[in-house]
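Per chain, numbering begins at 1; letters A, B, ... match sequence-line order. Values in this document were obtained by computation on a predicted structure and should not be read as measured data.
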There are 2 protein chains.
Amino acid sequence: MLMCNPPHPGEILRELCLEPLGISVTAAASGLDVSRKTLSSILNGRAGISPEMAVRLSIAFETSSESWLNQQSQYDLWQAEQRRDSLQVSRLSAA
Amino acid sequence: MLMCNPPHPGEILRELCLEPLGISVTAAASGLDVSRKTLSSILNGRAGISPEMAVRLSIAFETSSESWLNQQSQYDLWQAEQRRDSLQVSRLSAA
DNA sequence: GTATAGTGTAACGTTACGGGTTACAATACA
DNA sequence: TGTATTGTAACCCGTAACGTTACACTATAC
């Protein structure tokens with residue numbers, strides 16, 4: 001399990017892709033062929049990176065789709081782990 | 001990217017957890033504190049493993065939630081990659 | 001001051017999916 | 001024959017990803 005709160009993938013996208021290249025949200029959304037609202041939601045942490053979006057990002061920025069989706073998984077999992085103790089699950093062993 | 005079609009995580013769950021321990025679907029669903037239908041959907045590839053379900057599985061089988069969610073991600077990503085060529089995405093470089 | 005560009009986001013709709021319940025048909029077994 | 005197990009259909013709900021349109025705000029250029 002992860003040690004600490006992973007950043008939302010949207011932050012990484014903004015800081016490592018958009019800002020360094022000086023690309024506007026509008027231009028990036030257009031290049032990715034998604035609406036400006038969809039990209040903005042991701043950048044501001046209001047939506048996650050879907051598998052298809054991961055592939056789009058991998059094409060646009062010549063990266064790996066796996067890295068994008070993994071970041072999202074780690075983020076989602078950390079959220080879920082925060083509620084681990086509230087789950088009523090039994091250890092399952094040989095019947 | 002992955003080389004070949006990864007198995008649905010539900011198959012692994014059945015083959016590596018339920019069958020070896022001789023646990024019925026009904027009993028496992030009960031232990032996981034989800035409905036029998038929910039577990040059955042996963043086992044038969046009709047539903048994915050959600051972040052919360054990954055945590056449940058990690059408790060029930062004393063495994064890592066990360067491994068379960070990663071398997072699901074790899075599976076989902078492979079599906080998305082199959083449609084890579086149909087996406088109208090532009091390479092994004094410095095403005 | 002007045003365009004123009006960029007941004008965030010509210011409001012609305014659609015589609016998909018995880019999850020629940022109930023109920024049914026099929027299988028297997030004591 | 002009765003009981004346990006299983007898959008799944010039919011229905012519900014909540015949420016999330018996506019789209020469009022429209023608005024308010026900022027900044028920059030003229």
Side-chain angles (χ1 to χ4, degrees), chain A residues 8-11 13-15 17-60 65 68-69 71-73 75-80 83 86-89 92 95, chain B residues 8-11 13-15 17-19 21-60 65 68-69 71-73 75-77 79-80 82-83 86-89 92 94-95:
Chain A
H8 189 282
E11 288 181 43
L13 178 54
R14 190 191 294 269
E15 289 163 20
C17 297
L18 298 197
E19 289 181 349
L21 295 177
I23 303 173
S24 72
V25 178
T26 304
S30 168
L32 289 165
D33 195 31
V34 296
S35 73
R36 185 169 63 86
K37 188 220 167 195
T38 292
L39 180 57
S40 176
S41 294
I42 292 172
L43 292 174
N44 294 288
R46 288 180 180 72
I49 293 182
S50 66
E52 185 180 297
M53 183 61 69
V55 176
R56 288 181 192 275
L57 293 173
S58 75
I59 298 173
S65 55
W68 290 110
L69 203 56
Q71 283 181 60
Q72 187 62 51
S73 290
Y75 180 83
D76 292 339
L77 191 53
W78 194 85
Q79 309 292 333
R83 296 183 294 278
S86 70
L87 301 178
Q88 313 284 308
V89 179
L92 261 27
Chain B
H8 188 282
E11 286 181 44
L13 178 55
R14 169 169 273 149
E15 289 162 19
C17 298
L18 298 196
E19 289 180 349
L21 294 177
I23 302 173
S24 72
V25 178
T26 305
S30 168
L32 289 165
D33 195 32
V34 297
S35 74
R36 184 168 64 85
K37 187 223 166 188
T38 294
L39 180 57
S40 177
S41 294
I42 292 172
L43 292 174
N44 293 287
R46 287 180 181 72
I49 293 183
S50 67
E52 185 181 297
M53 182 62 69
V55 176
R56 288 181 192 276
L57 293 173
S58 76
I59 297 173
S65 55
W68 289 111
L69 203 56
Q71 283 180 59
Q72 187 63 49
S73 290
Y75 181 82
D76 292 340
L77 191 52
Q79 309 292 331
Q82 299 311 109
R83 295 185 293 279
S86 70
L87 301 178
Q88 313 285 309
V89 179
L92 260 28

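- Look at CG on D76(A): it is 17 Å from P on dC17(C), rounded to the nearest Å.
- Here the nucleotide nearest the side chain of V25(A), chosen from dT7(C), dG7(D), dG19(D), is dT7(C).
- Here S24(A) lies in heavy-atom contact (under 4.0 Å) with sugar-phosphate atoms only.
- To the nearest 0.5 Å, atom CG of residue L87(A) and atom CE of residue M53(B) are 10.0 Å apart.
- Rounded to whole Å, atom P of dG8(C) lies 13 Å from atom CD1 of I42(A).
- Between atom CD of residue E52(B) and atom OG of residue S65(B) there is a gap of 12.0 Å, rounded to the nearest 0.5 Å.
- Rounded to whole angstrom, the span from the NE2 atom of H8(B) across to the P atom of dG18(C) amounts to 8 Å.
- In this structure, Q79(B) places its CD atom 15 Å from P of dA16(C), rounding to the nearest Å.
- Of all heavy-atom pairs spanning V55(B) and A80(A), the tightest one is CG2-CB, 3.9 Å.
- Atoms CG (L39(A)) and C1' (dG19(D)) sit 14 Å apart, rounded to a whole Å.
- Of the candidate nucleotides dT8(D), dT6(D), dG20(C), dT8(D) has the atom nearest to the side chain of N44(B).
- In this structure, OH in Y75(A) is found 11.5 Å from CD1 in I49(A), a value given to the nearest 0.5 Å.
- Side-chain nitrogen and oxygen atoms of R46(B) include none within less than 4.0 Å of the OP1 or OP2 phosphate oxygen of dA16(C).
- Summarising the geometry, atom CD1 belonging to I42(A) is positioned 8.5 Å from atom CG belonging to L32(A); distances are rounded to the nearest 0.5 Å.
- Atoms CD (E19(B)) and C1' (dT6(D)) sit 13 Å apart, rounded to a whole Å.
- Contact annotation: T26(A) side-chain N/O to dA5(C) OP1/OP2 distance is not under 4.0 Å.
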Just by protein heavy atoms under 4.0 Å, how would nucleotides 21-30 of chain C read 5' to 3' in B, S and -? B-B-------
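- How far OG of S41(A) is from CZ of R36(A): 10.5 Å, rounded to the nearest 0.5 Å.
- Contacts of R56(A) with the nucleic acid, taken as non-hydrogen atoms under 4.0 Å apart, are absent.
- With rounding to the nearest 0.5 angstrom, the CG atom of N44(A) is 9.5 Å from the NE2 atom of H8(A).
- Residue S50(A) places at least one side-chain N or O closer than 4.0 Å to OP1 or OP2 of dC18(D).
- In this structure, S40(B) reaches the bases: a heavy-atom distance under 4.0 Å links it to at least one base atom across the strands shown.
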